[in-house]
Amino acid sequence: MPELPEVETVRTGLEQSLVGRRFDRVEARRPDLRFPIPTDLATRLQGHRVLRVNRRAKYLQIIIDDNSADRTVVILHLGMSGRVNLMPAPDAGPHADLLKHDHLVFDLDDGARMVFNDPRRFGFIALSRESALDDHDYFKDMGPEPLGNAFNAEILSQALKDKDTPIKAALLDQRVVAGLGNIYVCEALYDAGISPKRKARTVAGLRADRLVPAIKDVLQRAIAAGGSTLRDFAQLDGQSGYFQHSFRVYGREGEACLSPGCDKVVKRITQSGRSTFYCSSCQR
DNA sequence: CGTACACCCTGGCCGC
DNA sequence: TGCGGCCAGGGTGTAC
């Protein structure tokens with residue numbers, strides 16, 4: 001499901017419904033997702049309130065106000081198929097029945113219920129401390145946030161200049177830039193007119209000048225649209241994102257290239273085991 | 001070290 | 001209807 005815009009959409013929703021709320025009851029309904037669920041998850045959270053909800057790349061970071069000088073942080077990754085549902089307090093009686101893949105249940109002090117559902121279980125949850133977060137294994141080697149000021153053509157060129165790998169693979173490498181996934185890499189390369197097969201080192205310089213704004217623009221437009229819904233992504237209230245209607249190449253194999261005057265159709269190839277969509281005429 | 005690939009897991013869709 | 005094959009937005013471990 002989620003790349004940066006989808007995770008950011010979830011973060012915004014969680015910020016509105018979670019900050020200031022207290023966890024009354026936390027339940028893990030199975031021992032593991034992709035990794036074991038911390039056995040002390042419930043005891044570390046119950047009785048404490050949420051201070052903030054942050055995002056780093058595709059990870060959510062929920063900071064807990066637990067009266068500690070070094071606060072507990074919940075790290076949540078949605079994997080491919082994870083989603084977070086927020087059910088408001090029911091008018092009367094209990095919450096609706098849980099579903100097969102509802103793995104984590106968080107009951108809040110206002111009667112609302114947050115549920116983490118993940119059919120494929122590529123998602124995971126972990127606990128850390130605020131002071132250790134940047135040094136955590138998940139984050140320590142991560143590249144810059146693509147929407148931050150620290151991500152610019154100079155920085156990207158520096159990261160690409162020694163790489164022989166295709167630019168498509170380089171942009172999926174979270175050490176180069178953190179938060180892009182298959183969809184938005186395809187879209188950004190199309191928008192910048194850069195072939196996904198081009199060696200990354202040859203993108204350093206002038207092409208990076210075009211690529212950086214293309215990346216920022218597609219991410220910002222996707223966030224504004226509430227993310228993309230392919231099969232199963234939904235916002236907290238179950239609404240779909242609608243950026244999928246704005247895809248220019250992703251998923252459009254065999255369809256006409258949208259660039260004015262181009263008479264080619266969109267091609268699909270496999271790179272690093274994933275589908276790449278591109279126009280062989282407009283992207284060089 | 002950098003790169004390439006298999007793999008984790010379930011479900012939906014398509015063709016037979 | 002049923003079944004096999006293929007596909008899917010992610011990250012990691014292992015083999016070169």
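In the text below, chain A, chain B and the rest are named by the order of the sequence lines, each starting its count at 1. Below, each value reflects all heavy atoms present in this structure, side chains not excepted, and no hydrogens, waters or symmetry copies.
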Closer than 4.0 Å, any side-chain N/O of A:K100 to the OP1 or OP2 of B:dT10?
no
Donor-acceptor contacts, no H, no angles, side chain residues 207-218 of chain A, under 3.5 Å, sequence neighbours left out:
residue: A:R207; atom: NH1; partner: A:T202; partner atom: O; Å: 3.2
residue: A:R210; atom: NH1; partner: A:A192; partner atom: O; Å: 2.4
residue: A:K216; atom: NZ; partner: A:P146; partner atom: O; Å: 3.0
residue: A:K216; atom: NZ; partner: A:G148; partner atom: O; Å: 2.9
residue: A:K216; atom: NZ; partner: A:F151; partner atom: O; Å: 3.0
residue: A:D217; atom: OD2; partner: A:R221; partner atom: NE; Å: 2.9

Which listed nucleotide (C:dT12, C:dG11, B:dC9) is nearest to the side chain of A:F122?
B:dC9
Looking only at side-chain atoms of A:R121, point me to the closest of B:dG11, B:dC9, C:dA8.
B:dC9
Which residues pass the side-chain contact (heavy atoms from CB on, under 4.5 Å) test with A:R52, not counting sequence neighbours?
A:N54, A:I63, A:E130
Is any side-chain N of the basic residue among A:R22 and A:D24 closer than 4.0 Å to the acidic one's carboxylate O?
yes
With the side chain counted from C-beta on, respond yes when A:Q61 and A:R55 share a heavy-atom pair under 4.5 Å apart, and no when they do not.
no
Identify which nucleotide among C:dT12, C:dG10, B:dT10 has an atom closest to any side-chain atom of A:Y59, counting heavy atoms from C-beta outward.
C:dT12
If the cut-off is 4.0 Å, is A:Q174 near the phosphate of C:dG11, judged by side-chain N/O to OP1 or OP2?
yes
Give each protein N/O atom lying under 3.5 Å from an N/O atom of nucleotides 3-5 of chain B, with the pair distance.
residue: B:dT3; atom: OP1; partner: A:D164; partner atom: N; Å: 3.2
residue: B:dT3; atom: OP2; partner: A:K163; partner atom: NZ; Å: 3.1
residue: B:dA4; atom: OP2; partner: A:T165; partner atom: OG1; Å: 3.4

Please state whether the rings of A:H136 and A:Y138 are parallel, tilted or perpendicular, taking 30° and 60° as the class boundaries.
parallel
How long is the line joining NZ of A:K58 and C1' of C:dT12, in whole Å?
13 Å
Suppose we call a contact any N or O donor and acceptor under 3.5 Å apart; does that hold for the side chain of A:R274 and the base of C:dA8?
no
Do A:F139 and A:Y59 have ring centroids that are under 6.0 Å from one another?
yes
For residues 257-269 of chain A, run the donor-acceptor check on the side chains, cut-off 3.5 Å, and write out each pair with its distance to 0.1 Å, sequence neighbours left out.
residue: A:R268; atom: NE; partner: A:E253; partner atom: OE1; Å: 3.1
residue: A:R268; atom: NH1; partner: A:S275; partner atom: OG; Å: 2.6

In whole Å, what is the span from the CZ atom of A:F277 to the C1' atom of C:dA8?
10 Å
Around atom CG of A:D40, are there more than 12 heavy atoms of other residues, nucleotides or ligands at under 6.0 Å?
yes
Rounded interatomic separation in angstrom, taking CG from A:D141 and C1' from C:dG11
13 Å
Where each residue is assigned the nucleotide of DNA chain C containing its nearest heavy atom, which of A:M142 and A:R120 is assigned the position nearer the 5′ end?
A:R120
Starting at atom CG of A:D32, determine the distance to atom P of B:dT10, rounded to an integer number of angstrom.
10 Å
Short side-chain N/O contact from A:H101 to OP1 or OP2 of B:dC9, under 4.0 Å:
no
Non-neighbouring partners of A:D97 that pass salt bridge (Lys or Arg N to Asp or Glu O under 4.0 Å), sequence neighbours left out
none
The remaining residues in the hydrophobic cluster of A:L206, counting side-chain heavy-atom contacts under 4.5 Å among Ile, Leu, Val, Met, Phe, Trp and Tyr, are none
Using a 4.0 Å cut-off on heavy atoms, which residues in residues 184-205 of chain A reach DNA chain B? List them by number, or say none.
none
Answer with base, sugar-phosphate or nothing: what part of the nucleic acid does A:R34 contact at a heavy-atom distance below 4.0 Å?
base
According to ring-ring contact (aromatic ring centres under 6.0 Å, His included), does anything in residues 33-58 of chain A pair up with another residue at least two apart or in another chain? List the pairs.
A:F35-A:F124
side-chain hydrogen bond (donor to acceptor under 3.5 Å, both in side chains): pairs with one or both residues in residues 168-187 of chain A, sequence neighbours excluded:
A:E6-A:Y184, A:K168-A:N182, A:K168-A:T276, A:D173-A:R175, A:Y184-A:S228
So which protein nitrogen or oxygen atoms get under 3.5 Å of nucleotides 13-16 of chain C's nitrogens or oxygens?
none

Consecutive-pair stems (3 or more, Watson-Crick or G-U, under 3.5 Å) for DNA chain C
B:2-8 with C:10-16, B:10-16 with C:2-8
A:F106: partners by ring pair (Phe, Tyr, Trp, His ring centres under 6.0 Å), with sequence neighbours left out:
A:F23
Presence of salt bridge, A:R29 and A:D102, under 4.0 angstrom:
no
